[in-house]
Amino acid sequence: MQLINNILSSFKRELHEIIHDRLYRAIMLVIPFVMILFFTLMFYRGEIVDLPIAVVDKSHSPMSRKLLTMIDATQGVKIAYETQSIEEAKELMLHGKALAIIYIDKDFEPNIFGGIPTKVKGYTLGTNISADGVIESNIQQAVMTLSSGITLNKLQAMGVGHNEAVVEIIPINILSHIVANPYLNYGYYLAPLFMFMGIVILTVVSTIYAFGRELRYSTALEWLNASQNSMPAAVIGKMLPVTIIMTIMIQLILFILMFIMGMECSGSYLYITLSSILFIIAYQSVAITIILLTSNLRLGLSLGGGYAVMAFTFSGITFPVTAMFDAIQPLSKLFPLSYFSEIFIDQMMLGAPISYDTPKTLILMLFILLIAFIWRRLNRVVHNEKYWRKD
Amino acid sequence: MKSIGEKIDINDASIINKSDFLNIIRDEFKMIISDGGVLLIVVFAMLIYTTIYSLAYGSEVVERVSIAVIDNDNSTSSRAMINGLRSGPNTEVCYEVENMPEAKHLFYSRDIFGIVVIPSGFERDIIAGTQTNISTILDGSHLLLYKQVLEQTTEDVLTYSASVEAMHLVACGANDIESEDIIQPVAYEWHILNNPSMGYGSFVMPSIIVVIIQQTLLIGLGMLGVRRRTLANTQTNVAMSVFAKLLVYISIYGINLIIILGVLWPLFGFPYNGKTIDVIVVMMLYIIASSALALTISHLFKRREAPLMLLLWSSIPILLLAGVSYPMQAFPKWLYLIGRVFPSSSAVNAYVNIGTAGASLSDVATDIYTLLALAILYIITAIVMEYKYLLSYRK
């Protein structure tokens, strides 16, 4: 009971600090909202549609027009320019006006009717992987549809019945089932993980600041006194506001994903929420370790900030960890985001049984144990003046 | 280091001469070197980050993504199909499992990222000339992995499918050449002009180094600005002081860029297709514009810890706003236009086009003019802020 009272008084002191310190207030109450708003606006649309491309149609034939109409009708691509030469089209691409070029040779139609296999060529700059992927698959699809149509006509001309001809063209049909993100919405894939990344940065930075400012401005003993000199109460009371605010922010993110962006939760929402709390405390524990080891607010912020940002790369959100060099792969284990992002994907998108995620949750708890290892250092740093006032 | 501020009597305008310019440069270097935090961010962060990111993205391509196959037919044809799936290179058949629960277990454990199911009756249907189905189950939660599995399995099935088709046609009396035309009269050929491996590192690294330059300048100079003011280090000739400082940052970041583009780039095989003189023009303008922006906003911070706390999170939004790594067509136009106030937006576009796609300066003229305008604007604001501070200090 005494402990709870002590925690409460430490907690109250911390709230008071947050309200009266402009920097603390900004990082806890203003920036999180700005960040979440930004990513919501950025990924709200979610799908990449009507990417502008340029075409060079040397054929000018009914067949080439047919193909271009089919390409234009795809969801991802829009024919924005028609130029006379490939050089002209390339210039449009370098100016960022077109993202790809389709080139149709002048022999396009004669070849088709003459029974000579012909090619449609596509060019991109290779500077934008996500756009290139969408363009490539859309054009591929249009060309294949045209090609199959031509084959169908030829076979029918040869006297093959329609149904037999279809089997002839597609003897093996591919039925693709996409799990986790059936409409391949880029927003569903990127928005949550970018937002969690933002939460990681803000959690680490604000926790380092919460502890570091007591050393930097020599108020460590004042802080300890507020909890009747109970170190556990002082630490918990200090961590709690960050834990609570960032947990609320994750709830806000989940709310936006589900009710504004239309994502559906196919697993356990409760499990995501409970893991999110552990995820935040895990990052707070690492942050506390960093600030105590450096006992220097600014150095702690620089190192902690660097660590937080690294999670973006090493959690494999954008580039999969399994594709990295073998020696680099183990690094991904050092970031709580790696575990939480998998838990989120499993529970939100895949609907995997919880048993697959319990080991990940246990590892998040291991991060929290870091505080136990740093406890002696904590006592020393708080009581010894030589660790204070470092700038 | 306290002597920096005391050396100059700000009320004595007669002391301004040529050597003053050099003094400011020397003092600026001293300020950077004497402050570990600033040194780490302004001088070393760029090298450290670039090296770490290069190591992470250096393998470039996503290959041999593991998949599982469920063969419900166990026939010569299904074996042939599986051999086709084994040919790679983008996927690797790591498991052949008996049933869906087993495959699901592997899927949830992240041992595999795709499942291919061959139905029973597969061979029978092929021989009878009826259409048969192959099911693929793909993971849409990671788009790069999804794309590799989708493309490779589709290609493998189509290849096998074409051989079945050719067999049928030849059986119907067509010769080999005719059957090739009948199967695929129009093919599609895809050329990537400058990033032939479609490598992730080659795609993302140029944008990353550009953004790091601006962000480290904003944070580092913000810290330095607070210190400068606590030392009362002011110059009477504010314009000269601003230009001298710009020169300092051009030299620091210039040397960093030479190391990065000259050593790390060839080491990791990232593309560099532009003319060096064009790259120098873009980077010079960019470093000037972002240093001047950094000097301007450095006056807004009261405490040295503030710049990092307030600005660090913005790095990813700023990268996205450039509209290069995530296509600008996919987010609101007004958001993209707001992003243009950051020098990084124009510089990312200009540098990616020149460095990766081999564009010339005239191709990226809009970006160059924007950078020039931003450089002039932010130099003026930097001078104004410095001047305002000088006035308040004199009072």
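These numbers come from a predicted model, not from an experiment. Throughout, a chain's letter reflects where its sequence line sits, starting with A, and its residues are numbered from 1.
In this structure, A/K121 places its NZ atom where only 12 or fewer heavy-atom neighbours from other residues, nucleotides or ligands lie under 6.0 Å away. A/K360 NZ: more than 12 foreign heavy atoms inside a 6.0 Å radius.
How far CG of A/L350 is from OH of B/Y108: 6.5 Å, rounded to the nearest 0.5 Å. Between the CE atom in A/M42 and the CD1 atom in B/I316 there is a gap of 12.0 Å [rounded to 0.5 Å]. The distance from the CD1 atom of B/I134 to the OG atom of A/S176 is 11.0 Å, given to the nearest 0.5 Å. Here the straight-line distance linking atom CG of A/L41 with atom CD1 of B/I338 works out to 9.0 Å at 0.5 Å rounding. In this structure, OH in B/Y188 is found 14.0 Å from OG in A/S147, a value given to the nearest 0.5 Å. The CE atom of B/M223 lies 4.5 Å from the OG atom of A/S302; values are rounded to the nearest 0.5 Å.
Taking each heavy atom of B/G140 and A/A180 in turn, the nearest pair found is N-CB, 4.2 Å. Scanning both residues, A/T313 and B/A56, for their nearest heavy atoms gives CG2-CB, 3.4 Å. Of all non-hydrogen atoms in B/W313 and A/L202, the two that sit nearest each other are CB-CD2, 4.2 Å. Closest non-hydrogen pair, B/T130 versus A/V167, comes out as C-CG1, 3.7 Å. What you find for B/S161 and A/I172 is that their closest heavy atoms are OG-N, 3.7 Å. For A/T318 against B/L144, the heavy-atom pair with the smallest separation is O-CD1, 3.3 Å.
Only the side chain of B/F107 comes within less than 4.5 Å of a heavy atom of chain A; its backbone N, CA, C and O stay farther away. In this structure, chain B has a heavy atom under 4.5 Å from the side chain of A/L190, while its backbone stays farther away. Interface remark: A/Y188 contributes no atoms to any contact with chain B (heavy atom separation under 4.5 Å). For chain A, no part of B/I115 is nearby; none of its heavy atoms comes within less than 4.5 Å. Neither the backbone nor the side chain of A/S206 has a heavy atom closer than 4.5 Å to any heavy atom of chain B. Residue contact with chain B, scored on non-hydrogen atoms closer than 4.5 Å, is absent for A/Y103. Interface remark: A/L99 contributes side-chain atoms only to the contact with chain B (heavy atom separation under 4.5 Å). Proximity to chain B (any heavy atom under 4.5 Å) is restricted, for A/I102, to the side chain, taken from C-beta onward. Contact annotation for A/L301: both backbone and side-chain heavy atoms come within less than 4.5 Å of a heavy atom of chain B. In this structure, no portion of A/K78 lies under 4.5 Å from any heavy atom of chain B. In this structure, the portions of A/A352 lying under 4.5 Å from any heavy atom of chain B include both its backbone and its side chain. Using a 4.5 Å cut-off between heavy atoms, A/Q329 does not touch chain B at all. Of the two parts of A/M349, only the side chain, counted from C-beta on, holds a non-hydrogen atom closer than 4.5 Å to a non-hydrogen atom of chain B. In this structure, the portions of A/L175 lying under 4.5 Å from any heavy atom of chain B include both its backbone and its side chain. Only the side chain of A/M197 comes within contact range of chain B, with heavy atoms under 4.5 Å apart. For B/D125, no part lies near chain A; criterion is any non-hydrogen pair under 4.5 Å. Contacts between B/S207 and chain A at a heavy-atom distance below 4.5 Å are absent for every atom of the residue. Both the backbone and the side chain of A/I170 come within contact range of chain B, judged by heavy atoms closer than 4.5 Å.
Looking only at heavy-atom pairs under 4.5 Å with chain B, the residue among A/M348, A/H177, A/R22 that has the most is A/H177. In terms of heavy-atom pairs under 4.5 angstrom with chain A, the leader among B/I52, B/L158, B/N349 is B/I52. Ranked by heavy-atom pairs shorter than 4.5 Å toward chain B, the options A/P320, A/G305, A/A131 are led by A/P320. The residue among B/A330, B/P317, B/S66, B/G37 with the most heavy atom pairs within less than 4.5 Å of chain A is B/P317. No other option in B/Y326, B/Y53, B/Y160 has as many heavy-atom pairs under 4.5 Å with chain A as B/Y326. Interface check for chain B: of the options A/V160, A/V49, A/L297, A/L299, the most heavy-atom pairs under 4.5 Å are formed by A/L297. Options A/V205, A/I345, A/I178 differ in how many heavy-atom pairs under 4.5 Å they form with chain B, and the most are formed by A/I178. Contacts with chain A were tallied for B/V364, B/I137, B/L143; B/L143 has the most, counting heavy-atom pairs under 4.5 Å. Note on B/T366, B/L55, B/V352, B/V116: by heavy-atom pairs under 4.5 Å with chain A, the leading option is B/L55. Between chain A and the options B/V65, B/I41, B/I126, B/L310, heavy-atom pairs under 4.5 Å are most frequent for B/L310.
Ion pair A/K90/B/D363 not flagged as a salt bridge, since none of the NZ, NE, NH1 or NH2 atoms sits closer than 4.0 Å to an Asp/Glu carboxylate oxygen. Using a cut-off of 4.0 Å between Lys/Arg side-chain N and Asp/Glu carboxylate O, A/D346 and B/R110 are scored as salt-bridged. Salt bridge present: A/K119 and B/E189 bring a charged side-chain N and a carboxylate O closer than 4.0 Å.
Remark: side-chain polar atoms of A/R45 are paired, donor with acceptor, to backbone N or O of B/Q329 under 3.5 angstrom. Looking only at distances, no side-chain donor or acceptor of B/H142 sits under 3.5 Å from a matching main-chain atom of A/Y189. The backbone N or O of A/A323 lies less than 3.5 Å from a partner atom in the side chain of B/S59, making a donor-acceptor pair.
Between A/V309 and B/L312 the shortest side-chain heavy-atom distance falls below 4.5 Å. Residues B/M309 and A/L23 have side chains in contact (heavy-atom distance under 4.5 Å, counting atoms from C-beta outward). Residues A/I135 and B/W190 form a side-chain contact, since some pair of their non-hydrogen atoms from C-beta on lies under 4.5 Å apart. Using a 4.5 Å cut-off on side-chain heavy atoms (C-beta onward), B/P327 and A/I48 make contact.
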Quiz item: After noting the C-alpha distance and the side-chain angles of A/F319 and B/V62, does the key distance pass the side chain to side chain contact (heavy atoms under 4.5 Å, CB included) rule?
Solution: CA-CA 8 Å; A/F319 187 67; B/V62 184; 3.8 Å; yes
Quiz item: Stepwise, does the side chain to side chain contact (heavy atoms under 4.5 Å, CB included) test hold for A/V134 with B/K147?
Solution: CA-CA 10 Å; A/V134 172; B/K147 190 168 169 278; over 6 Å; no
Self-check item: Residues A/E136, B/E151; criterion side chain to side chain contact (heavy atoms under 4.5 Å, CB included); working and verdict
Solution: CA-CA 11 Å; A/E136 189 191 347; B/E151 282 177 7; 4.2 Å; yes
Quiz item: What's the verdict on side chain to side chain contact (heavy atoms under 4.5 Å, CB included) for A/I174 and B/T136, showing C-alpha distance, side-chain angles and the deciding distance?
Solution: CA-CA 7 Å; A/I174 306 172; B/T136 55; 4.1 Å; yes
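Taking the ring centroids of A/Y44 and B/F331, they lie at or beyond the 6.0 Å cut-off.
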